Trainee: 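Sharing a structure with you now.
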Amino acid sequence: MHFILPYFIILIIILQFAIKRSSKNHKSRNQQFLERESRANQVRRKDISNLNYISIPDNLPLINSGNETFNQLLSNNSGMMRSYNTITGLKDKKILNLTGISNTELKLSYGAANLTELTEYDDNFTTLIKAIASLGHALIDNNDTADALSFLEYGISIGSDISSNYIDLAIIYAATDRFDDIRKLKEKAGMLKSLSRDNIIEQLNNMLK
C-alpha cells in the first residue's frame, strides 16, 4: 500500500494537469471562434452574382420528348415522378454547392447579409442531388440504365456527395467493363469535402479488386 500511494498521487496530479490544459485549450478555441464570428458579422454585403452557379441542362431525359421507356416508367411510379418534378422544378432557381463551407466562412467571404440567400442556394443543391440519386437508383431498378446513366453522371459532374450516386454509376460502368471510369469516379470522390468521402472511396476500391 505504501508503494502504491506515491504513484496514485502522481496519477492524480497528471490528471489534474491534463484537465486544466484541456479546459484552457477549449476556452482559447472558443474565444477564437467568437472573435472570428464577430468579424464575419461585420463584413458588408458583396456581389455574389458571379459565383459558380449550377444549371440543370436541357439534355437530361425529359418526359414527352419521345423517350417512351422513360415516360412509361415515370407515369407508373409516383416516387420517380416526384424526384423528376423536384429536378425540373429547380431549373429556374439558383443553386450552389457550398458543401464543407461554414456559415462563418460564408459571411467572411460574401458578407453577413448574403447568408440567408447563400443558405437557400445550398439547400437547393442538397435537394437536387438527393433527387438525382433517388431517380437514378430507381431507373436502374427498372432496367433503364441508359437514362439512369444520364442523371447519375450529371450528379457527379456538379459535385454530388451522395454515396448511392457514385456506387450506382460504378455498377453501370462495371457491367460494361468501364473500370477506368470507376477509377475516375474514385479520383472525383477524393476531392469531396464531406463525411461520405472515405466510405465512397472504400466501396469503389472494393469494386476495382
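Every value quoted in this text rests on a predicted model; they were computed, and no experiment measured them.
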Trainee: Go through the steps to decide whether T86 and L135 satisfy the test side chain to side chain contact (heavy atoms under 4.5 Å, CB included), and finish with yes or no.
Mentor: CA-CA 10 Å; T86 296; L135 181 56; over 6 Å; no

Trainee: Between I87 and L90, is any pair of side-chain heavy atoms under 4.5 Å apart?
Mentor: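 Answer no - side chains too far apart.
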
Trainee: Taking C-beta and beyond as the side chain, do I56 and I95 meet within less than 4.5 Å on heavy atoms?
Mentor: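 Side-chain contact under 4.5 Å: yes.
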
Trainee: Show your working on side chain to side chain donor-acceptor pair (under 3.5 Å) between T104 and S102 and close with a plain yes or no.
Mentor: CA-CA 5 Å; T104 302; S102 70; 4.6 Å; no

Trainee: Under 4.5 Å between side-chain heavy atoms, counting indirect links through other Ile/Leu/Val/Met/Phe/Trp/Tyr residues: same cluster for L60 and L74 or not?
Mentor: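 Yes, L60 connects to L74 through the hydrophobic network.
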
Trainee: With side chains defined as the heavy atoms from C-beta onward, is the minimum distance between K186 and I200 less than 4.5 Å?
Mentor: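 No; the side chains remain at least 4.5 Å from each other.
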
Trainee: Judged by atom type as modelled, is there a donor-acceptor pair below 3.5 Å linking the side chain of N165 to the main-chain atoms of A133?
Mentor: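 Between the backbone of A133 and the side chain of N165 there is no qualifying donor-acceptor contact (under 3.5 Å).
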
Trainee: Compare every heavy atom of E153 with every heavy atom of L169, then report the nearest pair and how far apart it is.
Mentor: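 Of all heavy-atom pairs spanning L169 and E153, the closest is CD1-CG, 3.7 Å.
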
Trainee: Just how far is it from atom CD1 of I156 to atom CG of L185, taken to the nearest 0.5 Å?
Mentor: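 So the CD1 of I156 and the CG of L185 are separated by 5.5 Å.
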
Trainee: Applying side chain to side chain donor-acceptor pair (under 3.5 Å), run through K94 and N124 and close with a yes or a no.
Mentor: CA-CA 7 Å; K94 291 185 177 180; N124 289 341; over 6 Å; no

Trainee: Distance check, rounded to the nearest 0.5 Å: N103 atom CG versus L118 atom CG?
Mentor: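 So the gap between those two atoms works out to 9.5 Å.
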
Trainee: How about D92: does its CG atom have over 12 heavy atoms from other parts shown lying under 6.0 Å from it?
Mentor: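 Check fails, neighbour count at 12 or below.
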
Trainee: To the closest 0.5 Å, what do you measure between CG (L208) and CG (N205)?
Mentor: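 The CG atom of L208 sits 6.5 Å away from the CG atom of N205.
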
Trainee: Side chains of R197 and D161, heavy atoms from C-beta outward: is any pair under 4.5 Å?
Mentor: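 With C-beta onward as the side chain, the pair stays apart.
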
Trainee: Following the transitive rule for hydrophobic clusters with a side-chain heavy-atom cut-off under 4.5 Å over Ile, Leu, Val, Met, Phe, Trp and Tyr, establish whether I101 and I54 coincide in one cluster.
Mentor: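 No, it is not one cluster - the side chains of I101 and I54 are not joined through contacts under 4.5 Å.
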
Trainee: Considering only heavy atoms from C-beta outward, does the side chain of L115 approach that of Y110 to under 4.5 Å?
Mentor: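 They are not in side-chain contact.
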
Trainee: Does the side chain of L149 come within less than 4.5 Å of T145's, by heavy atoms?
Mentor: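 No, side chains not in contact.
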
Trainee: Less than 4.5 Å apart, any side-chain heavy atom of I140 and any of L152?
Mentor: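 In short, these two side chains touch, coming nearer than 4.5 Å.
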
Trainee: Are K46 and N114 close enough, and set up right, to give a side chain to side chain donor-acceptor pair (under 3.5 Å), and what steps lead you there?
Mentor: CA-CA 8 Å; K46 298 181 181 179; N114 280 319; over 6 Å; no

Trainee: Taking L192 as the starting point, is it possible to reach L98 by hopping between hydrophobic residues whose side chains are less than 4.5 Å apart?
Mentor: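 Not linked; separate clusters.
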
Trainee: Can you see which heavy atom on S160 is nearest to which on F125, and at what distance?
Mentor: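 Nearest heavy atoms, S160 then F125: N-CZ, 4.2 Å.
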
Trainee: OG/S157 to CD1/I132 distance, rounded to the nearest 0.5 angstrom?
Mentor: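 Answer for the OG-CD1 pair, S157 versus I132, is 7.5 Å.
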
Trainee: Return the minimal non-hydrogen interatomic distance between I172 and A148, and the atom names on each side.
Mentor: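 Shortest heavy-atom separation between I172 and A148 comes out as CD1-CB, 4.2 Å.
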
Trainee: For Q72, does the CD atom have more than 12 heavy-atom neighbours from other residues, nucleotides or ligands under 6.0 Å away?
Mentor: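 Incorrect, the count does not exceed 12.
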
Trainee: What do the steps show when you test D122 against L96 for side chain to side chain contact (heavy atoms under 4.5 Å, CB included), and what is the final call?
Mentor: CA-CA 5 Å; D122 185 48; L96 282 173; 5.5 Å; no

Trainee: With rounding to the nearest 0.5 Å, note down the distance linking NZ in K209 to CG in N206.
Mentor: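 Reported to 0.5 Å precision, the distance equals 4.5 Å.
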
Trainee: Any idea which heavy atoms bring A112 and A40 closest together, and the distance?
Mentor: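 In this case the closest contact between A112 and A40 is CB-O, 4.0 Å.
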
Trainee: Which residue in the set N67, N142, T69 passes side-chain hydrogen bond (donor to acceptor under 3.5 Å, both in side chains) when paired with D147?
Mentor: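 By the side-chain hydrogen bond (donor to acceptor under 3.5 Å, both in side chains) criterion, D147 pairs with just one of N67, N142, T69: N67.
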
Trainee: Measure the spacing between OG of S109 and CG of L51 and express it to the nearest 0.5 Å.
Mentor: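 If we round to the nearest 0.5 Å, S109:OG and L51:CG are 9.5 Å apart.
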
Trainee: Using 4.0 Å as the upper bound for N to carboxylate O, is an ion pair formed by K91 and D58?
Mentor: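 Judged by the 4.0 Å cut-off on N to carboxylate O distance, D58 and K91 do form a salt bridge.
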
Trainee: Looking at R45 and E117, is there a salt bridge between them, counting it only when a charged N and a carboxylate O are closer than 4.0 Å?
Mentor: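 Salt bridge present between E117 and R45.
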
Trainee: Counting only heavy atoms not in N76, do more than 12 sit closer than 6.0 Å to its CG atom?
Mentor: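 Atom CG in N76 is packed in, count exceeds 12.
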
Trainee: Show me the pairs that pass ring pair (Phe, Tyr, Trp, His ring centres under 6.0 Å) and involve residues 40-69, at least two apart or across chains.
Mentor: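 Non-adjacent pairs meeting ring pair (Phe, Tyr, Trp, His ring centres under 6.0 Å): Y53-Y121.
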
Trainee: Taking all heavy atoms of M207 and all of I171, pick out the closest pair and write down the distance.
Mentor: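 For M207 and I171, the tightest heavy-atom pair comes out as CE-N, 3.6 Å.
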
Trainee: Once the angle between the rings of Y84 and F70 is folded into 0 to 90°, is it parallel (under 30°), tilted (30 to 60°) or perpendicular (over 60°)?
Mentor: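 Perpendicular.
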
Trainee: Would you say that Y154 contacts L128 through its side chain, given a criterion of any heavy-atom pair below 4.5 Å between the two side chains?
Mentor: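 Yes. Closest side-chain heavy atoms under 4.5 Å.
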
Trainee: Nearest heavy-atom pair of A189 and L204: which atoms, and what distance?
Mentor: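 Scanning both residues completely, I find the closest heavy atoms to be CB-CD1, 4.5 Å.
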
